[in-house]
Engineer: 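Pasting in a structure now, in structure tokens, and then I'll have a few things to ask.
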Amino acid sequence: MQTFTATEFTACNLNHRFTNAELETLAWMAEGKENGAIGLLRGHGEPGAKKLVSSVLHKLDCNNRCLAIARAFANGYLKASNSTLQTIAALLIIVSGIAAGSGTGDSFLRTASSRSQGTYRVRWEEVLPANHGGAA
């Protein structure tokens, strides 16, 4: 089985679903890298990275990165480097994937993005407990 390990996540090619480039792109997507950064890390430009991200989204039957990463975790294509990090990352990604992929208007979990009316981003300050005067 082919794998690619980024800084915090490992992408696994179960059933030979992804090419090597797509597998690497999936790992960098899980790290939160934008297309430009993925292009630099892979040694080509942003248009090539955009095409690879699009291919990964298509193969996972998703319309956004967050849902794709949540599905990749759920199907075993992505794993975190340690169990604590894996649990926290999977929970946050799945929550944000549900919030981004659902059509419900749950304002506690999501807020409108400036990109378009149909795109939502999770506001973690609304999900995580507030820091009540403690040092960061």
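We use all heavy atoms of the structure for the numbers below, so side chains are in, but hydrogens, waters and symmetry mates are not.
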Engineer: Which donor-acceptor pairs under 3.5 Å do side chains of residues 24-31 form with protein atoms, sequence neighbours excluded?
Structural biologist:
| residue | atom | partner | partner atom | Å |
| --- | --- | --- | --- | --- |
| E24 | OE1 | R42 | NH1 | 2.6 |
| E24 | OE2 | W28 | NE1 | 3.4 |
| T25 | OG1 | A21 | O | 2.8 |
| E31 | OE2 | T7 | N | 3.2 |
| E31 | OE2 | E8 | N | 2.5 |
| E31 | OE2 | F9 | N | 3.1 |

Engineer: Quick one: closest heavy-atom pair of L67 and N63, and the distance?
Structural biologist: CD2-OD1, 4.3 Å
Engineer: Under 4.5 Å between any side-chain heavy atoms of F73 and K79, yes or no?
Structural biologist: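 When only atoms from C-beta onward are counted, K79 and F73 do not touch, as no gap falls below 4.5 Å.
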Engineer: Using only atom types and a distance under 3.5 Å, with no angle test, would you say the side chain of N15 pairs donor to acceptor with the backbone of R17?
Structural biologist: no
Engineer: With heavy-atom distances below 4.5 Å as the criterion, would you say the side chains of L60 and F18 are in contact?
Structural biologist: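 L60 vs F18: side chains touch.
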Engineer: To the nearest 0.5 Å, what is the distance between CD on Q2 and NE2 on H16?
Structural biologist: 7.0 Å
Engineer: Let me know which of K51, K59, H58 forms a side chain to side chain contact (heavy atoms under 4.5 Å, CB included) with S55.
Structural biologist: K59
Engineer: For the residue pair V53 and N35, establish whether any side-chain heavy-atom pair is separated by less than 4.5 Å.
Structural biologist: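 Yes - at least one pair of side-chain heavy atoms lies under 4.5 Å apart.
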Engineer: Return the NZ to CD1 distance between K50 and I38, rounded to the nearest 0.5 Å.
Structural biologist: 13.0 Å
Engineer: Indicate the atoms forming the closest heavy-atom contact of C12 with G76, along with that distance.
Structural biologist: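 Minimum heavy-atom contact is CB-O, 4.0 Å.
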Engineer: In Å, rounded to the nearest 0.5 Å, how long is the span from CZ of R71 to OH of Y77?
Structural biologist: 12.0 Å
Engineer: Roughly how far apart are L14 CG and N75 CG, rounded to 0.5 Å?
Structural biologist: 8.5 Å
Engineer: Between L78 and I69, is a side chain to side chain contact (heavy atoms under 4.5 Å, CB included) present by the stated rule, with each step listed?
Structural biologist: CA-CA 8 Å; L78 279 174; I69 294 167; 3.9 Å; yes
Engineer: About how many Å separate OG1 of T3 and CG of L23, when rounded to the nearest 0.5 Å?
Structural biologist: 7.0 Å
